[in-house]
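Below is one structure, written out as structure tokens; the observations come after it.
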Amino acid sequence: MIARSLALAAALAVGLGVGNGAWAAPIDPAALRAPHLRPDPSTPEAGIWALSDKAEGHVKASGDLDADPTLNAYVRGVVCKVAPEYCEELRVYVLDRPIFNASTAPNGYVEVYSGLLLRAASEDELAFVLGHEVSHFARNHTLERWRAAKITANTMMILQLGVAAIAAGAAYNASAAGASGSSINSISAAAQSVSDLIYLAGVAGLFGFSREEESEADRLGFTRTAAAGYRGGESVGLWRGILAETQASDFPTVRKSESRASMFNTHPLTAERISALDALAGGAAAAPARTAQVAYPAHIRPHLAGWLKDDLRRRDYGQSLHVIERLEGEGEDLGLLAFYRGEALRQRRHDGDAALSLAAYKASVSQPDAPAA
């Protein structure tokens, strides 16, 4: 009887979809948030917005904030192209952080990291990432995730309390019947195992829900990018570049991170994203290339040296060298890029790197844009 009761509790944990996204009903799957939405102060969303306001205040005072008004205006312009209905309420902050990332908070503040700007090969690729992030904002994904976490926590607590009650009752009856201590310990161990299963099911389900949101934001971001006149197929090139950079990492754990899926992954594997975006690109009408594409390097050029220097501080020289090689393929800034290739090789110190570093420095000084260093 105790085994059947505990098995039923475990089945409820998995079968009812604790945290698997199926039960976490969104506000309205078919609707986007209305522009200029402000939550009622009495609602849970108001608290999330208050936290976002506080985070935005920290960003405004951050030493990482890029103060270049031209760069910030340019990035904001791309945001407004992919999300014109939200343009007035989205506030963009470019941060000098060597990480491939961008985010949009529920209150409308947008973070764009220099690591993203360094790795995007065109305005098309930047537009896709920003369209993806704005789609999270438009779909109220942060609120949905908060609701999912709350329901999951409550459901897990109820199930775990039920398991504990069943086990306590079974242990009491077994003791009263003169059962051995090992039998009572077995009941306790079985209850603990079921409780652990409930916890793992809940946590894994939340991660699965996050992956669903990421996939939806990819689809909506692709649609926004194409609607704004960008080349949607460039999104595939962006993720192929990120996958290649991952494989170029000096660290085995980084290289292996894209080789296998896990129920605890918060994002789909990059290979899965590439496959899905390939399918979207194959079925989409080709968009005319924006004339702004040729100007993209001009927007990042004033910051290129500082961003490359920051990237080297991550000490993943394999990835940094991959980024430099990709930039060199564009045929511009060759003196600057050769210098930072030399810096990466000098700091890495693998066998033969000293000679390669010297050759890179010599290549740098042969170019008119060689840095003073």
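Since the model is a prediction, treat every value here as computed from it, not as a measurement.
- Distance check, rounded to the nearest 0.5 Å: CD of Glu111 to OG of Ser103 gives 4.0 Å.
- Within a 6.0 Å sphere centred on CD of Glu88, heavy atoms belonging to other residues, nucleotides or ligands number 12 at most.
- Shortest non-hydrogen contact noted between Arg346 and Ser357 is CB-OG, 3.5 Å.
- In the hydrophobic clustering of ILVMFWY residues, with side-chain heavy atoms under 4.5 Å counting as a link, Val78 and Leu95 come out apart.
- Note that the OH atom of Tyr86 and the OG1 atom of Thr104 stand 11.5 Å from one another [nearest 0.5 Å].
- Leu118 has its side chain within reach of Leu327: a pair of non-hydrogen atoms, C-beta onward, lies under 4.5 Å apart.
- Under 4.0 Å is where a charged nitrogen must lie from a carboxylate oxygen, and between Arg119 and Glu125 no such pair does.
- Note on Val323 and Leu321: separate hydrophobic clusters, where clusters join Ile, Leu, Val, Met, Phe, Trp and Tyr whose side-chain heavy atoms are under 4.5 Å apart, directly or indirectly.
- Using cut-offs of 30° and 60° on the angle between ring planes, the pair His299 and Tyr74 is parallel.
- When all heavy atoms of Gly335 and Asp369 are compared, the closest pair comes out as N-OD1, 2.8 Å.
- In this structure, Phe222 has its ring center at least 6.0 angstrom away from the ring center of Phe128.
- Note: Leu337 CG to Ser364 OG = 9.0 Å, rounded to the nearest 0.5 Å.
- What you find for Ala105 and Phe137 is that their closest heavy atoms are O-CD1, 3.4 Å.
- Note: the hydrophobic cluster containing Val79 does not contain Tyr93 (ILVMFWY, side chain heavy atoms under 4.5 Å, direct or indirect links).
- Crowding of Arg313 atom CZ: a count of heavy atoms from other residues, nucleotides or ligands under 6.0 Å exceeding 12.
- Checked for salt-bridge contact, Arg301 and Glu332 meet the test: a charged N lies under 4.0 Å from a carboxylate O.
- Placement of Leu304 and Ile324 within a single hydrophobic cluster is found when ILVMFWY residues are connected by side-chain heavy-atom separations under 4.5 Å, directly or transitively.
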Stepwise, does the side-chain contact (heavy atoms from CB on, under 4.5 Å) test hold for Asp218 with Glu214?
CA-CA 6 Å; Asp218 272 353; Glu214 289 298 321; 5.6 Å; no

Evaluate Ile274 against Asp278 for side-chain contact (heavy atoms from CB on, under 4.5 Å), listing each step before the verdict.
CA-CA 6 Å; Ile274 291 172; Asp278 252 334; 4.0 Å; yes

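- Defined by atom type and a distance below 3.5 Å, a donor-acceptor pair is missing between the side-chain atoms of Gln319 and Asp250.
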Worked verdict on Arg91 versus Val110 for side-chain contact (heavy atoms from CB on, under 4.5 Å)
CA-CA 6 Å; Arg91 302 170 302 286; Val110 183; over 6 Å; no

Passes side-chain contact (heavy atoms from CB on, under 4.5 Å), Arg314 versus Ser320? Steps please.
CA-CA 9 Å; Arg314 298 189 305 118; Ser320 294; 4.2 Å; yes

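- Annotation: the span from Glu245 atom CD to Glu325 atom CD amounts to 11.5 Å, rounded to 0.5 Å.
- Counting all heavy atoms, side chain and backbone alike, His322 lies closest to Ala248 at CB-CB, 4.0 Å.
- Using a distance-only test at 3.5 Å, with no hydrogens or angles considered, no donor-acceptor pair links the side chain of Asp310 to the main chain of Trp307.
- Residues Glu328 and Arg341 form a side-chain contact, since some pair of their non-hydrogen atoms from C-beta on lies under 4.5 Å apart.
- Between Tyr296 and Leu117 there is a side-chain heavy-atom pair separated by less than 4.5 Å.
- Within the 4.5 Å cutoff, side-chain heavy atoms of Pro297 are placed close to those of Glu330.
- Of the possible donor and acceptor atoms, none in the side chain of Ser275 sits under 3.5 Å from a partner among the backbone N and O of Glu272.
- Using cut-offs of 30° and 60° for the angle between ring planes, the His136 and His132 rings count as perpendicular.
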Quick one: do Trp239 and Phe100 satisfy ring-ring contact (aromatic ring centres under 6.0 Å, His included)? Show the steps, please.
CA-CA 11 Å; Trp239 283 111; Phe100 179 81; 5.7 Å; yes

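- Residues Leu130 and Glu133 fail the side-chain proximity criterion, which asks for heavy atoms closer than 4.5 Å.
- Put simply, Val92 and Leu65 are part of two different groups of oily side chains (I, L, V, M, F, W, Y) that touch within less than 4.5 Å, one to the next.
- Counting all heavy atoms, side chain and backbone alike, Ala363 lies closest to Gln367 at O-CG, 3.6 Å.
- Listed for the Arg224 side chain is no donor-acceptor partner under 3.5 Å among the backbone atoms of Arg219.
- Judged purely by atom type and a 3.5 angstrom limit, Asp66 has no side-chain atom pairing as donor or acceptor with the backbone of Val94.
- Contact check for Phe251 versus Asp316: side-chain heavy atoms found under the 4.5 Å cut-off.
- The distance from the OH atom of Tyr113 to the CG atom of Asp96 is 11.5 Å, given to the nearest 0.5 Å.
- One N or O on the side chain of Thr246 and one on the backbone of Ile242 form a donor-acceptor pair closer than 3.5 Å.
- Ion pair Lys309/Glu343 not flagged as a salt bridge, since none of the NZ, NE, NH1 or NH2 atoms sits closer than 4.0 Å to an Asp/Glu carboxylate oxygen.
- In this structure, OH in Tyr230 is found 7.5 Å from CG in Leu126, a value given to the nearest 0.5 Å.
- For Ser52 against Pro106, the heavy-atom pair with the smallest separation is OG-CD, 3.2 Å.
- A salt bridge between Arg97 and Asp311 is absent, with no side-chain N of the basic residue lying under 4.0 Å from a carboxylate O of the acidic one.
- With Thr225 contributing its side chain and Gly221 its backbone, the two residues share a donor-acceptor pair below 3.5 Å.
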